[in-house]
Amino acid sequence: MVNLEIDFNGLILRNPVLTASGTFGYGEEFKDFVNLNALGGFIVKGTTLNPRQGNPYPRMAETPKGMLNAVGLQNKGIDEFCNSIYPRIKVYNKNIIVNVSGSNIDEYVECAARINELETIPAIELNISCPNVKQGGMAFGTSCPSAKQVVKEVRKVYKKHLMVKLSPNVTDIVAIAQAVEEEGADSVSLINTLLGMAIDINTQKPKLSTITGGLSGPAIKPVALRMVWQVSKAVKIPICGLGGIMNAGDAIEFMLAGASCVQIGTANFINPSVTTEIINGIYEYCSSKGISDINDIIGKI
Amino acid sequence: MVNLEIDFNGLILRNPVLTASGTFGYGEEFKDFVNLNALGGFIVKGTTLNPRQGNPYPRMAETPKGMLNAVGLQNKGIDEFCNSIYPRIKVYNKNIIVNVSGSNIDEYVECAARINELETIPAIELNISCPNVKQGGMAFGTSCPSAKQVVKEVRKVYKKHLMVKLSPNVTDIVAIAQAVEEEGADSVSLINTLLGMAIDINTQKPKLSTITGGLSGPAIKPVALRMVWQVSKAVKIPICGLGGIMNAGDAIEFMLAGASCVQIGTANFINPSVTTEIINGIYEYCSSKGISDINDIIGKI
Amino acid sequence: MHKYIHDLRVVNKKRINPDYYILELTYSDTLADMFPGQFVEIKVENAPNTFLRRPISIYDVDYDNNILKLLIQIVGEGTNILSYVEPYDYVNLVYPLGNSFSMPENNRILLVGGGCGMAPLLYTAHYFSDFGYTPSILIGAKNNLGIIEPEEFEKYGELHICTEDGSDGTEGYVTQHKLFESPELFDKVYVCGPEPMMKAVAKWTVKHNIHCEVSLENLMACGIGACLCCVQETVNGNLCVCTEGPVFNVKDLLW
Amino acid sequence: MHKYIHDLRVVNKKRINPDYYILELTYSDTLADMFPGQFVEIKVENAPNTFLRRPISIYDVDYDNNILKLLIQIVGEGTNILSYVEPYDYVNLVYPLGNSFSMPENNRILLVGGGCGMAPLLYTAHYFSDFGYTPSILIGAKNNLGIIEPEEFEKYGELHICTEDGSDGTEGYVTQHKLFESPELFDKVYVCGPEPMMKAVAKWTVKHNIHCEVSLENLMACGIGACLCCVQETVNGNLCVCTEGPVFNVKDLLW
Ligand SMILES: Cc1cc2nc3c(=O)[nH]c(=O)nc-3n(C[C@H](O)[C@H](O)[C@H](O)COP(=O)(O)OP(=O)(O)OC[C@H]3O[C@@H](n4cnc5c(N)ncnc54)[C@H](O)[C@@H]3O)c2cc1C
Ligand SMILES: Cc1cc2nc3c(=O)[nH]c(=O)nc-3n(C[C@H](O)[C@H](O)[C@H](O)COP(=O)(O)OP(=O)(O)OC[C@H]3O[C@@H](n4cnc5c(N)ncnc54)[C@H](O)[C@@H]3O)c2cc1C
Ligand SMILES: Cc1cc2nc3c(=O)[nH]c(=O)nc-3n(C[C@H](O)[C@H](O)[C@H](O)COP(=O)(O)O)c2cc1C
Ligand SMILES: Cc1cc2nc3c(=O)[nH]c(=O)nc-3n(C[C@H](O)[C@H](O)[C@H](O)COP(=O)(O)O)c2cc1C
Ligand code: FES
Ligand code: FES
């Protein structure tokens, strides 16, 4: 028997495998492929105070071992979430985490306050790293003062587990992680997408309507892993690691680097039942190596 | 007939295809595969004032569509370069550019001053972005004041074309580019490698002796392209674009994004005659599209 | 509707011509119910640069023999490398995906397919025919190489062919075909093909007040409504082509 | 020595057992001169995760039939996907690379190969034999599945075999073989195999003051001296295994 349970700063995960915001819909899109309740948890779509239509098409481009997206936080807004989505999905897993975004601090705060009221949502993931919106988003996550400020204000109204999602598009991710830790974040998740671009040489036009977009997938894994390792050496709060995880081996790399749990993003698009395979693979890795508790490998490097 | 000649701020390139430092040795390693004189130019290994043994083995790890390296500027030092390498290679191409690195500003300056004396070296590429050395290197390239300072001092002693190679591991590459432009850089090249990491889950050890290393190859192309595009909108000096270029199409993407010429790096390892194929491919692209002068596509986006 | 991720075995690969091939696939259990207009997301193995799955329409389903057919045009690496699969290889599908064409109410129906857009129309004609309808079918292509398996279409309806160079059927674009001189013959038109062609047909149906459904193609990452990359602007805002399409009523589009 | 980048045609693929196969390749023109201990960098096509070339030793060259042979052990994706090439396929090589074993001065020579390290030794024995020498050859492996083509080795020298489980030849590690009780028989020893084995042999040669050359394996990105990734620490500093090796005199190593 291998213990896969993680105490993620108070959030009890039955195993370290969650799914990444924006890549797993509201969970229900995957119910034909995954036993949702068997996941460590899942993080739903980026949610904002007001409904957003997102960016114009085209929003996607395939890149070497990765993809660019420029969805731009299309979502139906917090009211619709609370009133109709939440009641529908809350049965699926006890760790449904809402990814919260905003154009300004008030929006973040109001959205977080609303989610604080939702009984079975144990945590939010504060997205201060979305590269695909004109205002807010990544702007908050790329400087220490602004990151501190948004976390500080949200912390005042949000009483449950506050995870802050960091942007990799910075010189010093450690400083940002320390800044949000100081303001009372319960954990950090990293990384969000790298800002990238692709051009169609035939039409001589950018492949995305927004010109630049967020790069995800295996291509970014080495960068993500490095950042998780750096941050893990510098903060006390636990880390949720993500970026390009495609299989159990990748997930284990993140845990060895210092992540206490992981999120699976783009891989869900290619294999909608990949999360189940990753959970099983982690179990097999541990048992074949004689590791009786997954907690023993966290940060071994 | 298509004109491929570029006036790169005074440096006349017969075509826009150069090779990236650290991936093309001193050129001579490729003479069985490439007509060196047919290249736009080539950039030799990172050179420092004193000889360096580089980092311990292992220095390399394969990653999804890319590789990590931690060579750490192994080179024989400027004396050996001037006395024995330079005389041997100077016949190969009129645009042999030396990539210069240092642990402190004095080393950069002294190295640049020595190269200034070498008659047939028309330019240096100032490497303020090497992620694989403990002192100096990337440290200079990740803050505006330090980038400014090293360029300012080198500019005093170096009278020919001064290209500055920028690090992608920054929040705002545009600010760094503008800072070095202000100090008199004649051009910028971007990007150097992204800082990354890889772990062997079997041994539970990092794959590189230095734990982190520099990520190159197609995986980083979307990030490189985005940075070239951003910088091209903000500076007047021309840009040499690189990062994951594997074929003519990739090179053209960089030129459309605003690069006046490109460097081919990791691709040389996989196909040592790739540079010739890229030059031919650019020619064919232009003629098939009725473009009579390659300069017409620079920055079309 | 339940979606599946399954390995299907290649039973046969028909190379139609250098550009087109048909894969006939079977599953170890009874194939799921599939509806005309739906598609699959197929994984391309051993393709160095094909990272995401590729959406491909359901070309035909032969429930008697438990066979699903895909008609694929080679346009890039993914569709090319997939053309090397051989009988007894397996391909991995996520399916069936998307909505489907609405059922006709009578025989006054026209199916219009252009280029590779004819793929979903074979199963549509087949399906409608199983319900007793006999659609008029018009398929068009650049030249006769693009007219795939006309004999299959003929089984299920009255087939008309046109090619831009006149190498098969009548010469010209589909909208230049004489069927478009008789709007009074049709109550419902179903279209799939290149966007300009679909727009031209749509315009004609709007003018003549005919119900028209088009099947759209666009860039998809997931195919199951999770990524929100495949949006189409509609009168109801941005909708996902992979779940709320690929079939749209033209009156909902902002064309 | 001139290096080439060429497409070589697969003439034959011999599957030795689930772990090993031999590729026989030919070139449209006369094969370049190659020396024992040299290697090639082979490109693996259609491999989703194999980005760099893979270094493989020259197993044998048959100049009469213009054939280059490679012995490959399947250890990961690259060597696995390459095992699917078929006659008439082409594989792309950069070759010949690296230095080579020194020529013997007399018949008092021993070749020791362990596991896949026996690959360069066949061509070494062949080459030496062409110059009139008759080497003693010792090949060792975990079990008899790792003893590849002993009949080929027998053509060129006096073959001894040992396996860890005794399933072929004598039981035990190569260094436990009785040849190692007679250091007085040898002036030069050539070794290729796993590092611990090479170190053990090297130690023995140093003790008995015998000239010893080992062929090292390490992680290579370019194979042509450009990337400086493949370094080996030596008494002369960091040297590139791909150009200044793979063959080293053990006295130059810091073992
Ligand atoms: C719902 C749906 C059903 C489809 N049904 C079929 C079918 O039955 N048969 C068939 O052959 N093809 C079909 N397609 C198109 C097919 O998905 C693409 O041709 C395929 O993804 C191209 O992959 P590739 O790797 O060969 O080419 P790539 O290298 O990915 O692309 C080659 C070229 O095609 C363009 N392209 C790629 N994907 C699409 C797309 N989805 N829409 C428009 N242009 C694209 C690219 O921009 C590029 O110019 C369908 C697409 C959708 C969305
Ligand atoms: C000069 C030289 C000559 C060689 N000659 C032969 C030969 O004749 N026949 C043969 O079968 N193999 C030979 N090898 C080893 C061969 O290059 C590797 O087995 C191959 O690169 C593995 O590729 P892969 O994609 O199958 O495995 P990967 O997935 O890349 O790796 C699988 C495992 O093998 C390890 N590995 C990969 N490459 C090497 C390496 N170069 N050295 C040590 N461990 C490695 C990895 O760390 C991993 O644990 C030689 C290597 C060198 C440097
Ligand atoms: C299509 C798409 C939409 C995304 N939307 C969000 C989002 O709404 N909020 C967020 O924090 N991250 C979003 N992300 C980023 C992912 O959650 C994740 O951080 C990133 O993709 C890296 O992980 P991966 O490589 O495993 O996909 C999105 C990513 C993709 C590909
Ligand atoms: C093995 C290796 C060694 C490198 N050495 C140097 C160097 O000495 N100086 C430097 O400025 N860049 C060096 N680089 C970075 C490359 O010049 C280039 O910026 C980077 O690899 C991105 O381009 P690519 O993706 O085309 O390889 C090195 C890269 C590699 C892979
Ligand atoms: S393709 Fe992902 S939502 Fe449609
Ligand atoms: S492998 Fe590049 S220098 Fe040896």
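Each chain gets a letter, A, B and so on, in the order the sequences are listed, and its residues count up from 1. The model shown is predicted, which means the values in this text are computed figures rather than measured ones.
Between the side chains of D:Glu244 and D:Asn99, not a single donor N or O lies within less than 3.5 Å of an accepting N or O. One side chain, D:Thr50 or D:Glu77, offers a donor N or O that lies under 3.5 Å from an acceptor on the other. A side-chain donor-acceptor contact under 3.5 Å links D:Ser102 and D:Glu213.
Look at D:Glu86 and D:Lys13 and you find a salt bridge, because one of the NZ, NE, NH1 or NH2 atoms lies within 4.0 Å of a carboxylate O, short of that distance. With salt bridges taken as basic N to acidic carboxylate O contacts below 4.0 Å, none links D:Lys69 and D:Asp62.
The aromatic ring centres of B:Tyr108 and B:Phe140 sit less than 6.0 Å apart. Checked against the 6.0 Å centroid criterion, the rings of B:Phe24 and B:Phe30 qualify as a close aromatic pair.
Only the side chain of D:Lys43 comes within contact range of chain B, with at least one heavy atom under 4.5 Å from a heavy atom of that chain. For chain D, no part of B:Tyr26 is nearby; none of its heavy atoms comes within less than 4.5 Å. For D:Asn238, the parts lying under 4.5 angstrom from a heavy atom of chain B are both the backbone and the side chain. For a residue to count as touching a neighbouring chain, one of its non-hydrogen atoms must lie under 4.5 Å from one of that chain's; by this rule B:Lys31 does not touch chain D. Heavy atoms closer than 4.5 Å to chain B are found in both the backbone and the side chain of D:Val231. The parts of D:Asn218 that come within reach of chain B are both its backbone and its side chain, each placing non-hydrogen atoms under 4.5 angstrom from that chain.
Taking non-hydrogen atoms and a 4.5 Å limit, the residue list of residues 74-91 of chain B in contact with chain D, ordered by number, reads B:Gln74.
By number of non-hydrogen pairs under 4.5 angstrom with chain B, the leading residue of D:Val94, D:Leu219, D:Leu228 is D:Leu228. Here B:Met60 is the residue among B:Met60, B:Lys45, B:Glu28 with the most heavy-atom pairs under 4.5 Å with chain D. Counting heavy-atom pairs closer than 4.5 Å to chain B, the top-ranked of the candidates D:Gly225, D:Pro48, D:Cys229, D:Gly223 is D:Cys229.
Side-chain atoms of D:Arg9 do not come within 3.5 Å of backbone N or O of D:Tyr90 as any donor-acceptor pair.
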| field | Steps toward salt bridge (Lys or Arg N to Asp or Glu O under 4.0 Å) verdict (B:Lys207, B:Glu62) | value | CA-CA 9 Å; B:Lys207 290 193 178 172; B:Glu62 200 176 35; over 6 Å; no
| salt bridge (Lys or Arg N to Asp or Glu O under 4.0 Å) between D:Asp165 and D:Lys142, worked out | CA-CA 6 Å; D:Asp165 67 354; D:Lys142 282 217 165 47; over 6 Å; no
